[in-house]
Every structure is written in structure tokens, then in C-alpha cells.
Amino acid sequence: MYVVDKYIDHVKEEAINRPEKSWDKILLGFRANKWRMKLLPNRNLSRGYQKLETMMMSLVADSLSREGSYVWGNIFAPCELMQCFGLHTLSIECLSCYMSGYHLEDYFIDYAQNIGIAPTLCSYHKTFVGGVESKVVKKPEYAVTTSLSCDGNLNTFRYLEKKAHVPFTFLDVPYSDDKESVAYLADQLRAFTKVLEERTGKTFQEEKLQKILRTENETRRELKKFFEYQKNYYYPGELISHLYMMMGMHLLIGTEEFLDLIRFMNEEIQQGEPFTGKKILWIHLLPFYQESLKEYFNSNRDYQIIASDIILDFMDELDTEHPFEALAGKIIKNLYNGSYAHKAEMIGQLADRLKPDAVIHFCHWGCKQASGGSILLKEKMQKMNIPMLILDGDGIDKRNSHDGQIKTRLEAFLELIGTGEKTTC
């Protein structure tokens, strides 16, 4: 680990002092980490989570290393359409997390704020803007974003278009789930494929999209089985494992590779030991670096995160005969679209299915929806008699998370659910 830490320190110093020379070293570290994960996997993890970790590292390392192979997106951009053209989608949220592996998030955030970016902007977005503006992060030729679910999406991509000259497509997602709204978004998706045809020189094939959606349907069915199994079986994972699963469900959904992984996990988990501890349903983002949370949720037989709402933010079957309308409906019906009352209702349905012992809602600093809507979810969980803890912090900027406070509140909550008391904190 000494060598790794020294390399991380070296890359950060290069990024600050010689940004033009740092990108290749960042990519070298990503590629090395990919092979490290393959050859020396984390033995605290199940084999399925080991494979998932390697898969997500490979996606980022391989895509960034091949010019013209990827586009920027937000986490809810329709990766299925990019797959039709042989492109990977790398979300700016995902890339910001990977930059934090070099401890660059604080430098990038400060850089962004020093050039005038509002301190109240989401720290994932500030990390990414700072990375681009500091000339460390290399840009692709194109990007795509949606209005779902963050207000900062459009402004961030507009800024990157103006400053970094990366053109983008904006998909305006209606709040209402009706025929007119689905048709409106489906027309935007069709127009988007025309743009991709022009940019790639490839012809769109609807049959290919239909095949991707069939694979996606099967993947979602398999993942639902996996979450059901996690109610009964112990499956060693870490906090970051659920972050990787969220990335996979939004960046690789529809690929045979990801489907095969979920099938493997379903086979493996049934060979595991019974789980007799407390089952946790996690809401919103996962602060993968936070020490107290890692202590309790990294391969712990007493507490197991059985699911996260942002992994199963859409749970219906897609109509593969009408692929554009199906994709439009998927985006519109997303748990994170529309009012928070809609989200609370969908989380209630998820909780009713998975029967968690408790719910933990993480309010990411700068996310107005999470902070403002948590009370509605609290009321919903109270009606369902499910204990709920609200934690405030930052998904990526360590300076906005206070470990002592989180540790105190988490331990008190876990003690309460251990005694069987019903509580909401």
C-alpha cells in the first residue's frame, strides 16, 4: 500500500503543478488498478462483488484510454442508445468518484469555486467542473444529459459546452406520466439518435435497441431476485460495492456482460450462509469513503445493505416492441423524477417487498431534493412502522462530512433497532 499511496500523492502533485502531464498518469493508475483487481481481488468481498469492482474499473479505464469511445453524461442519461452506436456513457458523477481515488476532489472543488462556481452547487458537479477547468480531465467530443433529477445538470453541461467546447444534447423530462409526456420524450430520443448517427457515421438499427431492452428486462428480473436473496443470505460486500452496482445499473444496463454478472451473483449467494442480522434499505447516495459507515457496512454479519433506491429506481418491464416509448416511460417513471411524494410512495413499495429492518436516508450536501423531501419519506416510513435514520453529509467532499457526528447518530440508531424499538431519527 505504501507504493500505491506514494503514486496517489505523486499524481495529485502533478495535477496541481503540471496538469498537462497528469492525465496519462491518472489513466496509468486506472489501468494498473484494473489489473490489480483481477489478479489480487479484495478477499473480504464475495466473488460477485469482486467481479463487479473489476468490471466498473475496466469500463472507466478502457473507455478513457480509447479516444472517441465514450460520451459524457449524467447518471440518468439513456446509455442504451449510446450502446447502439458502440459508445460507452461515463457519467460525470461516476468520473468525479474515480477522481477522488487520487484525493483530487478537494482541489477540484476549490478550483471551481475560485473561478466563480457557486459553493451551493452539488459537489460532484464542482469536482468535475474543477477537473476540466484545471486542464487535468480530458474532454470527449460529445455529451448528453437529462433534466432528471438534479437542477444542476443543465447548467453544468451548458458551462462545459461554453468553456470546454463540448456540445451536448439536453433531454427535457416531463414530470407527468401520461401518453402526451411519453410521446414528447420519445420524439426527443428519436431526434437524439439522428444526432448520434451524424456524429458517429453509423446507422441506427432499431432491432439492436430492442435486443438491448430485452437484455435489460432480464437483468432487472435477475437483480430483483438477488435483492430477495439478500433478505435471507449473507453476501459479503462493502459500501462501495453498492456504488458500483448503481453505476452498473445506469452505465452497463442492457449489456450481456452485466446480465451474466447478476446471474453469477444469484448462483453464488444461494451457496452462502444464512443472514440473521439487520437488513438495511439505503436511500440516495453512498458516501463510500466515510469511516464509520464502512466500519458497520463493510462485510459485517450484523448489518447488511440489501438494496439501494438509486439501484432500483425503475422496476417495471420495458415494452421492447415500442423501444423509444419504453425508454421514455422508463425515464419519466424513474423514482427520482417528479415530486418527492412520488419517490416516497415508490420507496414504500420497495420496502414492502424487501421487508427491511430499517431505512437510512443520506442527505447529500447541496442536493435540495434529498434534504427537502426526507421529511416526507420519514412520514411514510412511520406509517409503515419502519425505523428510519436521516444522515447529513457529502457523497464526495470529505470536508462536508463530520465522522464523529455520523458515528454517534449511527451507533445510537443501530442500538435502537437492535433492541426492537421503532424509531425515526
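By convention here, the first residue in the shown sequence is residue 1.
- F128 and W72 have their aromatic ring centers within a separation under 6.0 angstrom.
- Cation-pi contact between K231 and F275: absent, since separation from the ring centre below 6.0 Å together with deviation from the ring axis within 45° is not met.
- Taking SG of C84 as the reference point, atom CD1 of I212 lies at 4.0 Å (rounded to 0.5 Å).
- Between the side chains of D394 and S123, a donor-acceptor pair is found at a separation under 3.5 Å.
- Nearest heavy atoms, Q304 versus Q230: NE2-O, 3.1 Å.
- Of the listed residues (M245, E222, K51), just one forms a side-chain contact (heavy atoms from CB on, under 4.5 Å) with M265, and that residue is M245.
- Rounded to the nearest 0.5 Å, atoms NZ (K34) and CE (M57) are 9.0 Å apart.
- Counting only N and O atoms by type, the side chains of S292 and D403 include a donor and acceptor under 3.5 Å apart.
- Side-chain contact check for E228 and Y233: no donor-acceptor pair (N or O, by modelled atom type) lies under 3.5 Å.
- If you check the side chains of S181 and D178, you find a donor sitting under 3.5 Å from an acceptor.
- Residues Y235 and Y49 place their aromatic rings such that the two centres sit under 6.0 Å apart.
- Panel note: side chain N337, backbone K333; no donor-acceptor pair is recorded below 3.5 Å.
- Between F76 and Y336, the two ring planes are tilted [angle within 30° to 60°].
- Using modelled atom types, one finds no donor on one side chain facing an acceptor on the other under 3.5 Å when comparing N42 with Q50.
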